[in-house]
Every structure is written in structure tokens, then in C-alpha cells.
Asks: 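Below is the structure I would like to discuss, written out as C-alpha cells.
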Amino acid sequence: EPAACGCPMLVGPDMRNFEAISQEFVAAGGVIQIETPAQLMMGLSALLDDSSKRQGQIAAALQLLQGYRQSASIQAQFCSSFMEYLEHHS
């Protein structure tokens, strides 16, 4: 949700419920993953003090998110077509 709203993101070390997507965001530069309280302070300072870093992170997250939006649209279209097929062939 933060990426969709154009917000910079910091996440903690435990992302096991979102492991795959969080790794994609980290690799793309769309999120900063922190391990310690000191890293949290450095990450917050970096985002607050450096507008280009903040905007770059937001742009990277939005670009990655766009791929997921297109995928969801394709899946929704497939489901709609399949439901229409079932209505006419059952």
C-alpha cells in the first residue's frame, strides 16, 4: 500500500509473510530493509535529508508495482472471459 501511495518505505528484518515481494522491492531499490535500530535512524535520516534518494526509491517502487497491476488486470480479464464461457456452455 505505501508504494501505491507514493510513500518511501522502510521495513524491518522479519518479512517472512511477504518474503518474495519484499526481496523484489529491496533488489529494485524500492524499499530499505533494516536490521537494527541504528540502521533505522540512518534510513530515516537518509530519506528525510535526501530528496533525490527519496524520489528515486518511490519511482523504483512504483515501477515494480506497475508490473503487478498489469498482471492483476490480465488475470481479471481471464477470469471474466472464463466465467462468460461457463455461462454459455453449461
Side-chain angles (χ1 to χ4, degrees):
E1 292 88 8
C5 293
C7 297
M9 297 182 287
L10 296 166
V11 296
D14 185 4
M15 295 299 293
R16 69 183 130 201
N17 290 338
F18 311 99
E19 191 170 341
I21 195 166
S22 66
Q23 288 176 357
E24 287 184 49
F25 273 88
V26 169
V31 68
I32 298 171
Q33 187 165 21
I34 54 126
E35 301 287 331
T36 66
Q39 287 179 337
L40 175 60
M41 293 306 295
M42 288 187 298
L44 285 172
S45 291
L47 290 173
L48 292 172
D49 295 341
D50 188 343
S51 176
S52 63
K53 181 176 180 66
R54 185 172 57 250
Q55 293 304 318
Q57 182 191 5
I58 292 168
L62 288 171
Q63 183 176 359
L64 184 61
L65 189 59
Q66 185 62 34
Y68 283 101
R69 285 184 179 146
Q70 291 171 350
S71 175
S73 177
I74 291 167
Q75 290 175 20
Q77 180 60 42
F78 172 80
C79 289
S80 177
S81 296
F82 185 66
M83 294 300 291
E84 189 175 311
Y85 171 84
L86 289 177
E87 286 177 7
H88 292 19
H89 294 89
S90 49

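We count residues from 1, following the sequence as given.
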Asks: Quick one: pull up CE in M42 and CG in L10 and give me the separation to the nearest 0.5 Å.
Replies: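 Between M42 CE and L10 CG, I get 11.5 Å after rounding to 0.5 Å.
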Asks: Do V31 and Q57 make a side-chain contact, defined as non-hydrogen atoms from C-beta onward lying under 4.5 Å apart?
Replies: yes
Asks: Whether the side chain of Q33 engages the backbone of G12 through a donor-acceptor N/O pair (distance < 3.5 Å, no angle test) should be reported.
Replies: yes
Asks: Who are the side chain to side chain donor-acceptor pair (under 3.5 Å) partners of S81, not counting sequence neighbours?
Replies: Q77
Asks: Between L64 and A28, which heavy-atom pair has the shortest distance, and what is it?
Replies: CD2-CB, 4.4 Å
Asks: Closest approach of L47 and P8, non-hydrogen atoms and distance?
Replies: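 So the minimum-distance heavy-atom pair works out to CD1-CB, 3.9 Å.
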Asks: Closest approach of I58 and G6, non-hydrogen atoms and distance?
Replies: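 Smallest heavy-atom distance, with atoms named: CD1-O, 3.2 Å.
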Asks: Answer with yes or no whether the hydrophobic clustering places L40 together with I32; edges join I, L, V, M, F, W, Y residues whose side-chain heavy atoms lie under 4.5 Å apart.
Replies: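 Cluster IDs for L40 and I32 match.
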Asks: Nearest 0.5 Å, what's the CD-NE2 distance between E84 and H89?
Replies: 10.0 Å
Asks: Which salt bridge (charged side-chain N to carboxylate O under 4.0 Å, His left out) pairs, counting each pair once, include a residue from residues 39-61, with sequence neighbours left out?
Replies: none
Asks: Just wondering, are more than 12 heavy atoms of other shown residues or ligands nearer than 6.0 Å to CD in Q55?
Replies: yes
Asks: Consider only side-chain heavy atoms of I, L, V, M, F, W and Y, link residues closer than 4.5 Å, and tell whether V11 and I34 are in one cluster.
Replies: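 In one cluster with V11: I34, no.
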Asks: So, the side chain of S80 versus the backbone of A76: is there a donor-acceptor pair under 3.5 Å, distance only?
Replies: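 No; judged by distance alone, with no hydrogens or angles, the pair does not exist.
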Asks: Per the salt bridge (charged side-chain N to carboxylate O under 4.0 Å, His left out) rule, what does the pair list look like for residues 10-37, sequence neighbours excluded?
Replies: D14-R16
